[in-house]
Participant: 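Provided herewith is a single structure, encoded as structure tokens, for subsequent inquiry.
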Amino acid sequence: MTLKIYNTLTRKKEVFETIEPGKVRMYVCGPTVYDKAHIGHAMSALVFDIIRRYLEYRGYEVKHAMNFTDVDDKIIKRAQALGKDPFELAEMYIAEFEKNLQDLNVLPPTVKPRASREIDQIIQMVQALVEKGFAYPLNGDVYFRVRKDEDYGKLSGRRLEEMQAGARIEVDERKEDPMDFALWKAAKPGEPAWDSPWGAGRPGWHIECSAMNLHHLGEQIDIHGGGNDLIFPHHENEIAQTESLTGKPFARYWVHNGMLQLGEVKMSKSLGNLITIEEYLSEHSADSLRYIILNASYRSPLIYSDEVVAQAEKALERLRSALRPALPEAKGLSEEGKRALQQQVEASKAGFVEAMDDDFNTAGALSHIFELVRAVNQARADGALPAELEGAQALMRELTGTLGLTLQEAQKGGDADPFIQLLVDLRLELRKQKLYALADTVRNRLAELGVILEDTREGTTWRWS
RNA sequence: GGCGACGUGGCCAAGCGGCUAAGGCAAGGGUCUGCAAAACCCUGAUCAUGGGUUCAAAUCCCAUCGUCGCCUCCA
């Protein structure tokens, strides 16, 4: 059994081999914290959380770094508009995002570096690049010299010539080449700044990730991830900087998730068509967003709609159904029944691993879990004893847990619980007296309020819809 | 204009050269139930279109149509 991962750099699925046996160093680009995070950010975090969980399931020790860009034009602009300190603003959004991730059941990254705390490393790196001739200062800025990097463009598959032809940005004529990008930017008055050999300034966007990688994970890492909108220029530039400095291949596997689309177009801050994580979670469960992502391939664009959310909630209900206890009057399974369940347990586990090993094919993995759901429910209906369901249910929890699903019922209106139970008890009395019309009215009215009643042989259960 | 991705049953979507094209949602029929619900059983697609390669293609190649992303410090 070998794990294969699609590598953006080679455009192929490759066998996963770590630099250090049994250990994975993974760096994922986190958000620029100038606003509330939306579910597109959540998608990226969830994708790499799932990857990390699976790698750990496969026995790897994962060092997972996710950064925050907390020094940036947009943050400064936003802070000025609000009359706030840019660092305070960034700090606030970082705290919010971390809360979001926790609510989404995303495992905390091993290290969470921020640009503002890596300034020494950044300056050292820029200086080293200048000394090696890969960068040049210009009026307090420092630019990376793309012409000096002969394989510039290898990640995104672009050639410098082609890009120049299509460059529409206003070109700074002082730069040696229009594609040269800033490693260090001179500060304007009133902007956050640090002292450097080139005067007061702050880091450019791409250099921070290179520096943080170098500092926290080393010169070479196994996996570098992020949204596919970061392939160019961000990751391309990271490669240029880091490899020019170290002379070694930077990341072995470049992994990029597809964009979440709201309707027909990408969800993004600049377009304004977004749903914040906070908004999503106020209406829906964390599991449902994760399920939506699991149901598709992480590399493809993902269509988000209300219908998709509804489908996800229903599918989760089905997953939960397999965890229900055995029937009270269960008499035990036949030998054939036991064998069938055991066979499905083995098939599901093997199928799960096979699917996940194939570039984290979560949709395929889910299908094997659903087959297990059917087998468990079948066994229960056939009178399986609790002990006979135990193994299969344990596997259910193991596999769904590996994907990061909690399978917990939505908990809302906890205060109303005793009153609902009261109505349920009264209705049971009505049914005993065969006052069915009244009993049905109670059930229907509760359903209108979002409470689903289910009558079983051993009593009535209820849950929020 | 350049680079790239994608178009599979009503919906979301796996599969990417060869077993009967996964799975979920929705729909229809049935079992169970006072009736429902849940659960269980049963039912449906030849894979955008047109060519081509091959003994064999949803899977490879070409063209056409359509959708989307990147080329702008957006995950």
Side-chain angles (χ1 to χ4, degrees), chain A residues 8 11 28-32 37-48 69 72-74 153 156-159 161-163 165-170 181-182 185 204-206 208 225-234 237 256-261 264-271 274 291-292 294-297 299-305 307-319 321-322 324 327 351 355 358 361-371 373-374 376-378 380-382 431 434 436-437 439-440 443-444 447 452-457 460-461 463:
Chain A
T8 306
R11 295 162 204 282
V28 181
C29 288
T32 300
H38 58 72
I39 55 180
H41 297 112
M43 175 181 180
S44 191
L46 285 165
V47 163
F48 289 97
T69 298
D72 162 272
D73 289 349
K74 287 185 178 174
S156 55
R158 294 156 207 265
R159 314 219 139 276
E161 301 70 41
E162 291 164 354
M163 287 189 280
R168 281 178 286 161
I169 43 174
E170 53 180 292
F181 55 90
K185 306 170 95 161
W205 179 33
H206 319 296
E208 53 164 90
N228 68 13
D229 53 350
L230 296 180
I231 294 172
F232 190 89
H234 185 52
N237 291 351
H256 294 98
N257 63 275
M259 293 292 103
L260 188 65
Q261 292 181 205
E264 296 293 282
V265 292
K266 181 179 86 160
M267 184 176 294
S268 79
K269 289 178 184 171
S270 42
L271 293 173
L274 49 81
Y291 182 89
I292 289 167
L294 290 167
N295 186 45
S297 150
R299 284 192 277 131
S300 302
L302 186 56
I303 299 165
Y304 176 91
S305 68
E307 193 181 357
V308 164
V309 178
Q311 290 180 356
E313 296 281 12
K314 300 289 280 191
L316 286 164
E317 193 53 46
R318 178 159 175 78
L319 289 175
S321 75
R324 293 178 193 161
L327 299 176
D358 182 16
N361 181 353
T362 50
L366 276 179
S367 76
H368 293 102
I369 294 177
F370 278 110
E371 275 160 12
V373 169
R374 175 173 294 108
V376 170
N377 287 339
Q378 214 166 30
R380 184 192 303 98
D382 289 345
R431 289 181 64 220
K434 302 217 189 298
Y436 293 123
D440 289 351
R443 185 173 60 199
N444 294 339
I452 310 279
L453 299 196
E454 288 174 14
D455 296 328
T456 66
R457 291 186 198 86
T460 299
T461 63
R463 60 186 164 81

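Every chain is numbered from 1, with letters handed out A, B, ... down the list of sequences. All values derive from a computational prediction rather than experimental measurement.
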Participant: What's A:E454 touching, base or sugar-phosphate or nothing? Going by heavy atoms closer than 4.0 Å.
Facilitator: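 Base, at least one base atom sits under 4.0 Å.
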Participant: When the distance from CG of A:L327 to P of B:U31 is rounded to whole Å, what number comes out?
Facilitator: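 Checked: the CG to P distance equals 20 Å.
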Participant: In whole Å, what separates the P atom of B:C42 from that of B:C47?
Facilitator: 27 Å
Participant: Could one point to a donor on the side chain of A:N228 or the base of B:G4 with an acceptor on the other under 3.5 Å away?
Facilitator: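 Between B:G4 and A:N228, which were checked side chain against base, a qualifying N/O pair under 3.5 Å is absent.
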Participant: With sequence neighbours excluded, what pairs up with A:T456 under the side-chain hydrogen bond (donor to acceptor under 3.5 Å, both in side chains) test?
Facilitator: A:E458
Participant: Ring stacking, A:F370 with base of B:G23, under 5.5 Å and under 30°?
Facilitator: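 Stack criterion not met.
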Participant: Hey, could you give me the CD1/CG distance between A:I39 and A:L260, rounded to the nearest 0.5 Å?
Facilitator: 5.0 Å
Participant: Taking only residues two or more places apart in sequence, or in another chain, which ones meet A:R463 in a salt bridge (Lys or Arg N to Asp or Glu O under 4.0 Å)?
Facilitator: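 Per chain and number, A:R463 pairs via salt bridge (Lys or Arg N to Asp or Glu O under 4.0 Å) with A:E317, A:E454.
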Participant: So does A:L294 get a backbone contact from the side chain of A:T362, meaning a donor-acceptor N/O pair under 3.5 Å?
Facilitator: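 At least one qualifying donor-acceptor pair exists.
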Participant: So does A:R318 get a side-chain nitrogen or oxygen closer than 4.0 Å to the phosphate oxygens (OP1/OP2) of B:G23?
Facilitator: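 Checking A:R318 against B:G23: no side-chain N or O falls below 4.0 Å of OP1 or OP2.
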Participant: Residues in ring-ring contact (aromatic ring centres under 6.0 Å, His included) with A:H256, at least two apart?
Facilitator: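 Here the qualifying residues are A:H235.
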Participant: Classify A:N377 by what it touches in the nucleic acid, base, sugar-phosphate, or nothing, heavy-atom distance under 4.0 Å.
Facilitator: sugar-phosphate
Participant: List every contact pair, protein side and nucleotides 57-59 of chain B side both N or O, where the distance is under 3.5 Å.
Facilitator:
none

Participant: Across nucleotides 6-18 of chain B, 5' to 3', mark each nucleotide with B, S or - according to how protein heavy atoms within less than 4.0 Å reach it.
Facilitator: -----BBSSS---
Participant: Could you give me the stems involving RNA chain B, meaning stretches of three or more consecutive Watson-Crick or G-U wobble pairs whose two defining distances are both below 3.5 Å?
Facilitator: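 Runs of three or more consecutive pairs: B:1-7 with B:65-71, B:10-12 with B:23-25, B:27-31 with B:39-43, B:48-52 with B:60-64.
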Participant: With sequence neighbours excluded, what pairs up with A:E371 under the side-chain hydrogen bond (donor to acceptor under 3.5 Å, both in side chains) test?
Facilitator: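 Here no residue qualifies.
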Participant: Taking only N and O in the side chain of A:K314, is any of them less than 4.0 Å away from OP1 or OP2 of B:A26?
Facilitator: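 Result: yes.
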Participant: For A:D440, which residues count as a salt bridge (Lys or Arg N to Asp or Glu O under 4.0 Å) partner, sequence neighbours excluded?
Facilitator: A:R443
Participant: Identify, between A:S367 and A:G258, the residue whose nearest nucleotide on RNA chain B lies closer to the 5' end.
Facilitator: A:S367
Participant: What is the nucleic acid contact for A:G30, judged by heavy atoms within less than 4.0 Å: base, sugar-phosphate only, or nothing?
Facilitator: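 Counting heavy atoms under 4.0 Å across all strands, the contact made by A:G30 is with sugar-phosphate only.
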Participant: Heavy atoms under 4.0 Å, any strand shown: does A:E371 hit a base, just sugar-phosphate, or nothing?
Facilitator: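 Since only primed, P, OP1 and OP2 atoms lie under 4.0 Å of A:E371, the category is sugar-phosphate.
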Participant: For B:C40, does the base pair up with any side-chain atom of A:R374 as donor and acceptor (N or O, under 3.5 Å, distance only)?
Facilitator: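 A donor-acceptor contact between them is absent.
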Participant: So, A:R380 side chain and A:R324 main chain: donor-acceptor pair closer than 3.5 Å or not?
Facilitator: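 The answer is yes, because a donor-acceptor pair under 3.5 Å joins these two groups.
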Participant: Under the ring-ring contact (aromatic ring centres under 6.0 Å, His included) test, which residues partner A:F181, sequence neighbours left out?
Facilitator: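 Only A:F144, A:H206 meet the ring-ring contact (aromatic ring centres under 6.0 Å, His included) criterion with A:F181.
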Participant: Taking the P atom in each of B:C61 and B:C6, what is the distance between them to the nearest angstrom?
Facilitator: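 Straight-line distance between the two P atoms is 11 Å.
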Participant: Just jot down the side-chain hydrogen bond (donor to acceptor under 3.5 Å, both in side chains) partners of A:S300, sequence neighbours excluded, or say none.
Facilitator: none
Participant: Here's a test of your reading of the structure: between A:C29 and A:V373, which maps to the more 5' nucleotide of RNA chain B?
Facilitator: A:V373
Participant: Roughly, in whole Å, what's the span from CZ in A:R463 to P in B:A38?
Facilitator: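 So the two atoms are 8 Å apart, to the nearest Å.
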Participant: Just call it for A:D455: base, sugar-phosphate, or nothing, with non-hydrogen atoms closer than 4.0 Å on any strand.
Facilitator: base
Participant: On a plain distance test, is the side chain of A:R431 in donor-acceptor contact with the base of B:G34 below 3.5 Å?
Facilitator: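 Yes, the side chain and the base share a sub-3.5 Å donor-acceptor pair.
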Participant: For A:D358, what residues pass the side-chain hydrogen bond (donor to acceptor under 3.5 Å, both in side chains) criterion, not counting sequence neighbours?
Facilitator: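 Here the qualifying residues are A:K13.
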Participant: Between A:R158 and A:F232, is NZ or CZ placed under 6.0 angstrom from the six-membered ring centre and within 45° of the ring axis?
Facilitator: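 Judged by the rule, A:R158 and A:F232 form a cation-pi pair.
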Participant: When all nucleic acid strands are considered with a 4.0 Å heavy-atom cut-off, which category describes A:F181: base, sugar-phosphate, or nothing?
Facilitator: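 Answer is nothing: A:F181 stays at 4.0 Å or more from every strand.
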Participant: Can you list everything that forms a side chain to side chain contact (heavy atoms under 4.5 Å, CB included) with A:L316? Sequence neighbours excluded, please.
Facilitator: A:S285, A:D287, A:S288, A:Y291, A:E313, A:L319, A:R320, A:L405, A:L407
